[in-house]
Amino acid sequence: MNDFVNVAEIFGENVFNDKVMLEKLPKKVYKELHKTIDDGKELDPMTAEVVAAAMKEWAIEKGATHYTHWFQPLTGFTAEKHDAFITAPKANGSVQLEFSGKELIKGEPDASSFPSGGLRATFEARGYTAWDCTSPAFVRQDEKGAILYIPTAFCSYTGEALDQKTPLLRSMEAIQTQTLRLLRLLGNTTSKKVKPSVGVEQEYFIVDRKKYLKRKDLIFTGRTLFGAMPPKGQELDDHYFGVIRPRIAAFMSDVNEELWKLGVSAKTQHNEAAPAQHELAPIYAECNVAADHNQIIMETLKKVAEAHGLQCLLHEKPFAGVNGSGKHNNWSLTTDDGINLLDPGKTPHDNIQFLMVLMCILRAVDRHADLLRESAADVGNDHRLGALEAPPAIISVFLGDQLEDVLKQLISTGEATHSIKGETLHTGVSTLPDFVKDATDRNRTSPFAFTGNKFEFRMVGSRDSVAECNVVLNTIVAEAFSDACDILEKAEDISMAVHDLIKKYASDHYRIVFNGNGYSEEWVKEAQRRGLPNIKSMVEAIPALVTDKSVALFEKFGVFNRTELESRVEIQYEAYSKALNIEARAMIDIASKHVIPAVLRFNRNLSDTVNSMKQAGVEIDVPLDMLKESSHLLATAKHALSILEKVADQASAMEPGRDQAVYYYEVVAKAMEELRIPVDQLEMIVDKEEWPMPSYGDLLFEV
């Protein structure tokens with residue numbers, strides 16, 4: 001990497017973006033391609049041929065020898081199959097480099113080994129990838145060489161979605177249609193397109209790779225299955241926003257450079273609350289591009305970390321007792337003529353368009369809180385949500401003092417006549433300027449918080465694709481807009497009908513609004529009194545996908561059909577069971593092959609020491625007490641290990657599905673915790689030189 005990086009020069013240099021297309025494509029072809037991108041029309045085959053030829057030449061100039069249809073199957077990762085540009089050798093032994101329009105538009109990877117939830121039999125291999133031309137192609141340059149990446153959707157032979165992108169694109173079309181419908185009723189005749197705009201804040205941990213490779217639990221599961229807390233954690237808040245250490249700063253610098261070349265506008269970086277935890281955030285992008293960019297960010301973090309002798313941990317809770325990682329999905333709606341529909345303006349009480357949109361969103365979140373919670377359901381998130389570091393598992397909406405006051409006016413009197421103003425903050429220092437405070441503070445304990453001109457969904461797990469939560473957000477809001485339009489279109493007096501509907505929605509769905517401390521036990525009780533669901537685990541959240549209400553919602557807007565939803569339920573139960581099975585087997589392996597032998601060696605050495613001291617007539621109380629304690633804990637650990645082995649075998653023998661997942665959640669996970677307790681206590685007794693793996697202190701503070 002260069003010592004000095006000119007961001008303006010390198011930004012997007014490896015992206016087949018609009019600037020490149022304007023240079024490489026004939027004007028007519030450029031316009032035809034933009035019609036497809038802007039208007040959603042099917043790409044003409046002749047246009048596709050020209051685009052493919054230009055894309056190939058551009059990629060070859062970047063050193064590319066292969067291309068891949070890059071897609072996002074339901075594994076939680078991205079997938080790629082590399083095809084060379086070369087054709088069959090000619091008689092004289094030479095080859096040509098070709099890339100057709102057909103190869104650009106459609107691919108055919110083997111679909112048999114990807115999760116399908118019963119949509120495909122394992123012997124049926126055919127699946128299709130289709131180019132998503134709204135997300136630009138790019139070239140990645142690394143030790144594999146240079147590869148042209150083409151973002152694509154992935155579907156089965158019979159047309160069902162097998163990926164994250166397809167339903168996301170469907171949901172974006174749904175919300176655009178319904179938003180424009182609402183805007184027309186509110187008098188907006190100029191906006192022609194509406195897109196969800198998303199900014200994703202990505203949290204992650206960085207540890208030394210050599211130490212990571214000595215932790216089998218991290219290698220197999222992404223989190224530490226054993227580990228005693230170090231003397232110092234995050235109590236002093238000295239890591240949060242602290243000075244970035246040189247080794248981490250060098251890593252961050254290279255991450256930024258890689259991302260900027262790929263057109264990802266990485267903007268903010270800082271130390272997070274926990275030691276070894278950090279955050280990266282890009283500038284907002286159109287919803288599906290933001291989802292693609294977040295996948296690129298996660299992959300880049302891992303790749304660059306390895307090059308620096310580091311390891312990036314994206315698990316939601318890699319260290320028990322230490323803050324875990326999530327990502328914040330900042331969501332808003334913007335029109336093609338520059339209107340942010342979530343901008344309240346200076347006087348939100350009389351901003352009818354904003355109030356109508358806001359009340360519809362409240363209705364959407366209240367009606368489908370279970371779906372929104374499910375969209376953040378992840379095995380690792382079960383360890384994080386509600387742990388006094390992340391939002392609770394209860395869905396609520398933070399609006400702040402100003403907007404809550406507007407709601408209260410609407411509910412009590414039928415109209416809002418004023419908005420609370422921000423005050424001037426006087427610093428008391430003559431050399432510092434006074435400034436106007438916002439009319440409301442932020443609330444970091446809220447899972448769905450209004451933050452000025454957007455909503456911040458804070459529950460998403462750090463490893464997860466943001467496509468899932470945005471599919472839900474887009475679709476539930478589309479439904480709320482549609483329902484409102486159904487009412488308003490029948491009204492004789494639109495203005496009065498809008499006013500009445502805003503008031504009705506404010507009253508009907510005020511229960512979802514909560515501005516207080518989401519970490520408190522009082523809120524748990526209050527939420528129960530209000531009738532808000534408290535869905536604590538992934539296993540409990542999954543059924544929300546296939547309630548009659550959810551199926552009707554998704555089928556109405558063509559986002560999912562019942563079969564696709566049922567397949568996702570099956571996939572999620574299976575994913576949960578597999579993750580717990582791997583964790584349980586890893587615990588058994590580590591405890592039996594590493595921890596117990598290490599403790600036996602320690603006890604043998606300690607016993608020898610006791611005997612030697614006894615023979616020498618030296619006081620033996622301290623080492624003898626240590627030997628008794630470690631022997632007792634060892635016996636406890638062995639007993640817990642035998643139970644875990646038994647229940648893990650029983651779980652793995654069960655038929656895949658809900659019952660198996662519930663057994664893992666209720667029985668196996670509990671047995672794992674029972675084994676961890678004595679092992680973590682043993683770590684505090686056994687000689688560090690004897691302990692078979694790096695400690696929390698080694699991992700968190702020695703980078």
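What's counted below: heavy atoms across the whole structure, side chains too, no hydrogens, waters or symmetry copies. Source: prediction; values computed, not measured. If you read the sequence from its start, that first residue is 1, and numbering goes on from there.
- Scanning both residues, A377 and D464, for their nearest heavy atoms gives O-OD2, 4.4 Å.
- Between the N330 side chain and the G199 main chain, a donor and an acceptor come within less than 3.5 Å of each other.
- Seen from the ring of Y128, K106 counts as a face-on cation partner, given the 6.0 Å and 45° thresholds.
- Using modelled atom types, one finds no donor on one side chain facing an acceptor on the other under 3.5 Å when comparing E32 with H34.
- For the pair S482 (side chain) and A478 (backbone), a donor-acceptor distance under 3.5 Å is absent.
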Check your understanding: Does the side chain to side chain donor-acceptor pair (under 3.5 Å) test come out yes or no for N340 and T334, once each step is laid out?
Key -> CA-CA 4 Å; N340 181 346; T334 56; over 6 Å; no
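- I150 has its side chain within reach of Y67: a pair of non-hydrogen atoms, C-beta onward, lies under 4.5 Å apart.
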Check your understanding: Where do D336 and K195 land on the salt bridge (charged side-chain N to carboxylate O under 4.0 Å, His left out) test, with the steps shown first?
Key -> CA-CA 8 Å; D336 58 327; K195 298 294 182 184; over 6 Å; no
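- The shortest heavy-atom contact between V51 and L25 is CA-CD2, 3.9 Å.
- Between D132 atom CG and I37 atom CD1 the span is 9.5 Å, to the nearest 0.5 Å.
- In this structure, L342 and I361 have side chains that are in contact, with non-hydrogen atoms separated by less than 4.5 Å.
- A donor-acceptor pair under 3.5 Å is formed between the side chain of N188 and the backbone N or O of T190.
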Review point. Please walk me through it: do K165 and D292 pass salt bridge (charged side-chain N to carboxylate O under 4.0 Å, His left out)?
Key: CA-CA 9 Å; K165 181 182 280 285; D292 285 355; 2.8 Å; yes
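- Between Q660 and Y573, the side chains place no donor N or O within less than 3.5 Å of an acceptor N or O (distance only, hydrogens not considered).
- With a 4.5 Å cut-off on side-chain heavy atoms, L333 and F481 count as touching.
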Review point. Are E479 and R367 close enough, and set up right, to give a salt bridge (charged side-chain N to carboxylate O under 4.0 Å, His left out), and what steps lead you there?
Key: CA-CA 10 Å; E479 181 196 52; R367 291 194 71 215; 3.0 Å; yes
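- Under the 4.5 Å side-chain criterion, counting only non-hydrogen atoms from C-beta, F457 is not in contact with V466.
- The backbone N or O of R384 sits nowhere less than 3.5 Å from a side-chain atom of N381 that would complete a donor-acceptor pair.
- Atom NZ of K549 has more than 12 neighbouring heavy atoms from other residues, nucleotides or ligands inside a 6.0 Å radius.
- Between F450 and F398, the distance separating the two ring centers is not shorter than 6.0 angstrom.
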Practice item. Decide salt bridge (charged side-chain N to carboxylate O under 4.0 Å, His left out) for E540 and K536; before the verdict, give the C-alpha distance in whole Å, the side-chain angles of both, and the deciding distance to 0.1 Å. Key: CA-CA 7 Å; E540 295 170 289; K536 297 179 180 179; over 6 Å; no
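- In terms of modelled atom types and a separation under 3.5 Å, the side chain of T179 and the main chain of I175 share a donor-acceptor contact.
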Review point. How far apart are the C-alpha atoms of E160 and N561, what are their side-chain angles, what is the distance that settles it, and do they pass the side chain to side chain donor-acceptor pair (under 3.5 Å) test?
Key: CA-CA 9 Å; E160 293 93 354; N561 58 39; 5.4 Å; no
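- K193 pairs with exactly one of D38, D39, D337 by the salt bridge (charged side-chain N to carboxylate O under 4.0 Å, His left out) rule, that one being D38.
- Other residues, nucleotides and ligands place more than 12 heavy atoms under 6.0 Å from the CD atom of E80.
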Review point. Taking it one step at a time, do T152 and H69 satisfy side chain to side chain donor-acceptor pair (under 3.5 Å)?
Key: CA-CA 6 Å; T152 57; H69 276 197; 4.7 Å; no
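- Side-chain contact between D163 and L74: absent, with no pair of heavy atoms (C-beta onward) separated by less than 4.5 Å.
- Of all heavy-atom pairs spanning I395 and A369, the tightest one is CG1-O, 3.5 Å.
- For the pair R363 (side chain) and Y505 (backbone), a donor-acceptor distance under 3.5 Å is absent.
- Around atom NZ of K556, more than 12 heavy atoms belonging to other residues, nucleotides or ligands sit under 6.0 Å away.
- Contact detail for P115 and T75: the closest heavy-atom pair is CD-CG2, 3.4 Å.
- Side-chain polar atoms of S567 and E564 form no donor-acceptor pair below 3.5 angstrom.
- A 4.5 Å side-chain heavy-atom check between V513 and S396 finds every atom pair outside the cut-off.
- With 3.5 Å as the limit, one finds no donor-acceptor pair spanning the side chains of S332 and N453.
- Annotation: the span from H293 atom NE2 to S265 atom OG amounts to 7.5 Å, rounded to 0.5 Å.
- Looking only at distances, no side-chain donor or acceptor of E316 sits under 3.5 Å from a matching main-chain atom of V379.
- To the nearest 0.5 Å, atom CZ of residue R463 and atom CZ of residue F77 are 7.5 Å apart.
- Taking CG of D370 as the start and CG of L532 as the end, the distance is 11.5 Å to the nearest 0.5 Å.
- For the pair E108 (side chain) and G127 (backbone), a donor-acceptor distance under 3.5 Å is absent.
- Side chain of D486 to backbone of E489: no donor-acceptor contact under 3.5 angstrom is found.
- For the pair P167 and A161, the tightest heavy-atom approach, listed with the atom from each and the gap, is CD-CB, 4.0 Å.
- To the nearest 0.5 Å, the span separating NE2 on H368 from CG on D366 amounts to 10.0 Å.
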**Study point:** ring pair (Phe, Tyr, Trp, His ring centres under 6.0 Å) assessment of F16 paired with F138
**Key:** CA-CA 6 Å; F16 195 73; F138 55 93; over 10 Å; no
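- A donor atom on one side chain and an acceptor atom on the other are found under 3.5 Å apart for D18 and Y30.
- Residues T78 and E299 have side chains that bring a donor and an acceptor to within less than 3.5 angstrom of each other.
- The aromatic rings of F114 and F154 stand perpendicular to each other, their planes meeting at an angle above 60°, with 30° marking the opposite boundary.
- For the atom pair CZ (F455) and CG (N329), the distance works out to 13.0 Å, reported to the nearest 0.5 Å.
- Counting non-hydrogen atoms of other residues, nucleotides and ligands closer than 6.0 Å to NZ of K503 gives a total of 12 or fewer.
- Judged purely by atom type and a 3.5 angstrom limit, E555 uses its side chain to pair as donor or acceptor with the backbone of R562.
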Practice item. Take W331 and N474 through the side chain to side chain donor-acceptor pair (under 3.5 Å) test and state the conclusion after the steps. Key: CA-CA 9 Å; W331 180 91; N474 294 342; 3.0 Å; yes
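- The shortest side-chain heavy-atom distance between E374 and L545 falls under the 4.5 Å cut-off.
- When only modelled atom types and interatomic distance are considered, S507 and K504 share no side-chain donor-acceptor pair under 3.5 Å.
- Looking only at side-chain heavy atoms (C-beta outward), V264 and I297 come within less than 4.5 Å of each other.
- Closest approach of C360 to A480, counting heavy atoms only: O-CB, 3.2 Å.
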